Amino acid sequence: MDIKIGIPRGLLYYYYFPLWNKFFETLGAEVVVSQPTNKKIIENGVKNTVDEACLPVKVYHGHVMDLKDRVDFLFVPKLMSIYKNEYICPKFCGLPEMVSSSVKDLPPLIDTVINFRKSRKKLFKAVYEIGSHVTKNVSEIEHAYSEGITNYHNYRALMKQGILPIDMNKDHFQKRKVISVNQQKVVLLGHPYNLYDPLLSMNIVEKLRAKDVMVITPEMMDTATINRYANQMDKKMFWSFGRKIMGTAFYAMEDPTISGMIYLSSFGCGLDSVIADIAERRVRRSSKKPFTVLTLDEHTGEAGIDTRIEAFVDMIRWREKNENNFSSHG
Ligand code: SF4
């Protein structure tokens, strides 16, 4: 019988799922993913996580609970860093400990330390440790990892073409929808789990598209452009996702085809409060483009978000008709 590996549909699922899904499947394991975020998952996550945690971490706990009784192992790696000389939020480094202290009766966790900054040799040691839960055959693990990496690059290439996870098939390997080229372009800023989880984001991508607005996210930008614009900051942004967000915001200030920016932030996220504040100040100081921050928490009402999206889209359309007559602080 195939070994069942559970992958929670939260946090960096929206970044790395194609890699690890292909990796485990190539090794012959069955990958089980938690259901798309729903009310029960949010409620369970909120009940089983410390109050101080941010919403995405709470929701991740809900996904763990959704999976825990139907898999042999849960894949909850300890992610330390994804790019050289940069860091990610410390919550990712402590995730396995947080999950095991908050959720009872868990299956064994695959909680290997993954650090993409380290040498290839060290990275492969971690990959071998992860794969060894399915097979001890080193060349099979090497092959599976290379398949996973290829899939990951294909996935990222699709995103760069503007195809978001909601536009792809369930494995995130192929697009399933044709995206029309719409009139206004709006940049959506934030961490990937806030932007791409349909329930957490209150379906903002689809809502904007329904208003004939084309959505641009940091994952659609090419790395060289992000880095070039992020380097305009007075100090280097050493959080990887912060750099991507800032690089995208700076780019959006200059691109005349972009009408405005929306930052989706999580209540309880220290990083978001700093990054959103820096981005907002910079946009207000150096450009006339509308910028708004929508903060999400478990109590956020969809009606309130809908009203704000509607008002934002109306404003950018109004501005475009009445250029030069509208304050950027509006
Ligand atoms: S960056 Fe913010 S939202 Fe993401 S895990 Fe850390 S605290 Fe939570």
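Just so you know, these numbers come straight off a predicted model, no measurement behind them. In each ligand, atom 1 is the first atom listed, and ligand 1 is the first ligand listed.
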Discussion item. Would you call the rings of Tyr196 and Tyr14 parallel, tilted or perpendicular, taking 30° and 60° as the class edges?
Written reply: tilted

Discussion item. Restricting to N/O/S atoms, is Cys269 within less than 2.8 Å of atom 2 (Fe) of ligand 1 or not?
Written reply: yes

Fill in: Nearest-neighbour protein heavy atom for atom 8 (Fe) of ligand 1, which is reported as residue plus atom name and distance
Cys54 SG, 2.2 Å

Worksheet item: Is atom 4 (Fe) of ligand 1 under 2.8 Å from any N, O or S atom of Tyr193?
Response: yes

Worksheet entry | Closest approach of Met315 to Pro290 (non-hydrogen atoms, all atoms of both residues) | CE-CB, 3.4 Å

Worksheet item: Do the numbers put Arg243 on top of the ring of Tyr83, so that NZ or CZ is under 6.0 Å from the six-membered ring centre and no more than 45° off the axis?
Response: yes

Item to complete: Mark up the atoms of ligand 1 that fall under 4.0 Å of a heavy atom belonging to His191, in ascending order.
Response: 1 (S)

Worksheet item: So Phe23 and Tyr145, would you call those rings parallel, tilted or perpendicular, with 30° and 60° as cut-offs?
Response: perpendicular

Worksheet item: Atoms of ligand 1 less than 4.0 Å from Cys89 heavy atoms?
Response: 1 (S), 5 (S), 6 (Fe), 7 (S)

Worksheet entry | Nearest heavy-atom neighbours spanning Asn194 and Ser266 | ND2-OG, 2.8 Å

Worksheet item: What protein heavy atom sits nearest atom 7 (S) of ligand 1, and how far off is it?
Response: Lys91 NZ, 3.4 Å

